[in-house]
Amino acid sequence: MTLLRTMPVDDPNSTLLSTEDPAEIAKFLGEAGIHYERWSTDRGLAEDAGQEEILAAYRTEIDAVSASNDYRFIDVVQMRPAPDDPEWPEKAHAARSRFLEEHRHAEDEVRFFPAGRGCFYLHIDDRIHAVVCEAGDLLSVPAGTVHWFDMGSVPEFTAVRFFQKEDGWVGDFMPESVASRFPTLDQIQAER
């Protein structure tokens, strides 16, 4: 289930808010300028569906989001455990490490999760908002919002990504990051 947990930036062990209610999550994040919504995942997609099948299954919603903010580049990124690939643990670690530190983007970071989970940590004012996104969640983080993303130690997710420019995903990393002080996705999941 989707989860929003809010913590003070100076006390990662304290929880100010914790909710799994999608309406409450949307309202709370909306007040902070973050857009959150849920899409139905009942699309009859096979577990191993590729980019074209996923984009076709969600075409109506994708077109609406794209038109609303002039997103011209839409793709699908997938991470699934590959026990038969001896290089998979290293690939997974490298992928996870890429965005574990605080950064921001020059454009919005918009992700829809047809499957799996990942956690966006949003650093807004003196709070960290950990948003565990699950299948069906769409999250739109406005350009310039400091954040980081944790896909967990065993990444397993599918995400549709929306960009205005091809390099819209490139991060501008902060010189000092608080990310390592906060619970990881694995830790948050273990506490649920």
Side-chain angles (χ1 to χ4, degrees), residues 1-45 47 54 57-66 68-69 71 76-79 96 99-100 102-105 108-162 178-179 181-192:
M1 207 140 191
T2 307
L3 171 72
L4 168 65
R5 180 192 287 181
T6 299
M7 300 158 277
V9 77
D10 60 354
D11 186 3
N13 297 316
S14 179
T15 299
L16 302 172
L17 170 71
S18 182
T19 182
E20 294 180 350
D21 179 343
E24 189 175 351
I25 292 169
K27 181 180 183 299
F28 183 85
L29 291 177
E31 291 170 358
I34 310 297
H35 179 75
Y36 166 82
E37 65 183 76
R38 299 247 335 131
W39 294 358
S40 167
T41 56
D42 185 15
R43 306 297 164 116
L45 286 168
E47 191 173 306
I54 293 166
Y58 292 96
R59 178 57 50 208
T60 300
E61 294 90 342
I62 288 170
D63 287 350
V65 170
S66 296
S68 70
N69 288 294
Y71 298 122
V76 175
V77 63
Q78 295 178 303
M79 291 289 299
R96 181 185 191 202
F99 294 106
L100 274 179
E102 285 189 295
H103 61 280
R104 61 183 165 216
H105 300 280
D108 300 346
E109 182 160 356
V110 183
R111 301 292 181 268
F112 168 65
F113 291 83
R117 83 170 45 97
C119 187
F120 282 91
Y121 295 80
L122 312 170
H123 187 163
I124 301 172
D125 299 325
D126 60 349
R127 304 281 188 260
I128 301 296
H129 308 283
V131 185
V132 178
C133 293
E134 302 269 355
D137 290 337
L138 173 99
L139 189 69
S140 179
V141 179
T145 303
V146 176
H147 66 283
W148 68 95
F149 179 74
D150 186 2
M151 60 184 73
S153 59
V154 182
E156 187 168 1
F157 69 90
T158 299
V160 177
R161 307 184 304 172
F162 298 79
V178 300
R181 296 180 13 219
F182 287 84
T184 65
L185 172 58
D186 294 337
Q187 292 168 324
I188 289 173
Q189 288 299 110
E191 294 170 7
R192 289 172 89 177

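Numbers here simply count residues along the sequence, with the first being 1.
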(request) Output yes when a side-chain donor or acceptor of Asp137 lies under 3.5 Å from a complementary backbone atom of Arg38, and no otherwise. (result) no
(message) Give me the atom names and distance for the closest heavy-atom approach of Thr145 to Arg104.
(response) O-CB, 3.7 Å
(message) Please find the pair of heavy atoms, one from Tyr36 and one from Pro22, that lie closest to each other, and give the distance.
(response) CE2-O, 3.7 Å
(message) Quick check on the 6.0 Å ring-centre criterion: do Tyr58 and Phe112 meet it?
(response) yes
(request) Apply salt bridge (charged side-chain N to carboxylate O under 4.0 Å, His left out) to Arg43 and list each qualifying residue two or more places apart in sequence or on a separate chain. (result) Glu61
(request) Verify, without hydrogens or angle tests, whether Glu191 (side chain) and Ile188 (backbone) share a donor-acceptor contact under 3.5 angstrom. (result) no
(message) On a heavy-atom basis, which atom in Thr15 and which in Ser18 lie closest, and how many Å separate them?
(response) CG2-CB, 3.9 Å
(message) Can you confirm whether Arg5 sits close enough to Val132 that some side-chain heavy atom of one is under 4.5 Å from a side-chain heavy atom of the other?
(response) no
(message) Is any side-chain heavy atom of Thr41 closer than 4.5 Å to one of Pro114?
(response) no
(message) Please check this pair: side chain of Arg117 against backbone of Met151, looking for a donor-acceptor N/O pair closer than 3.5 Å.
(response) no
(message) Does atom CD (Glu47) have a neighbourhood of more than 12 heavy atoms from anything else shown, all under 6.0 Å?
(response) no
(request) State, yes or no, whether a side-chain contact exists between Asp108 and Tyr71 at a heavy-atom distance under 4.5 Å. (result) yes
(message) Please report the interatomic distance OG(Ser140) to CD(Glu109), rounded to the nearest 0.5 Å.
(response) 9.5 Å
(request) Measure across Trp39 and Ile62 and return the closest heavy-atom pair with its distance rounded to 0.1 Å. (result) CH2-N, 4.1 Å
(request) Determine whether Phe113 and Thr2 make a side-chain contact, defined as any pair of heavy atoms from C-beta on separated by less than 4.5 Å. (result) no
(request) Would you check if Leu185 and Phe149 make a side-chain contact, meaning some heavy-atom pair closer than 4.5 Å? (result) no
(message) With a 4.0 Å cut-off on N to O distance, would you call Glu134 and Arg192 a salt bridge?
(response) yes
(message) Quick one, Asp10 and Asp126 - any side-chain contact, counting heavy atoms below 4.5 Å?
(response) no
(message) Can you classify the ring geometry of His105 versus His147 as parallel (below 30°), tilted (30 to 60°) or perpendicular (above 60°)?
(response) tilted
(request) Return the minimal non-hydrogen interatomic distance between Pro12 and Pro183, and the atom names on each side. (result) O-CD, 4.2 Å
(request) Find the distance between OG1 (Thr158) and CD1 (Ile54) and round it off to the nearest 0.5 Å. (result) 5.0 Å
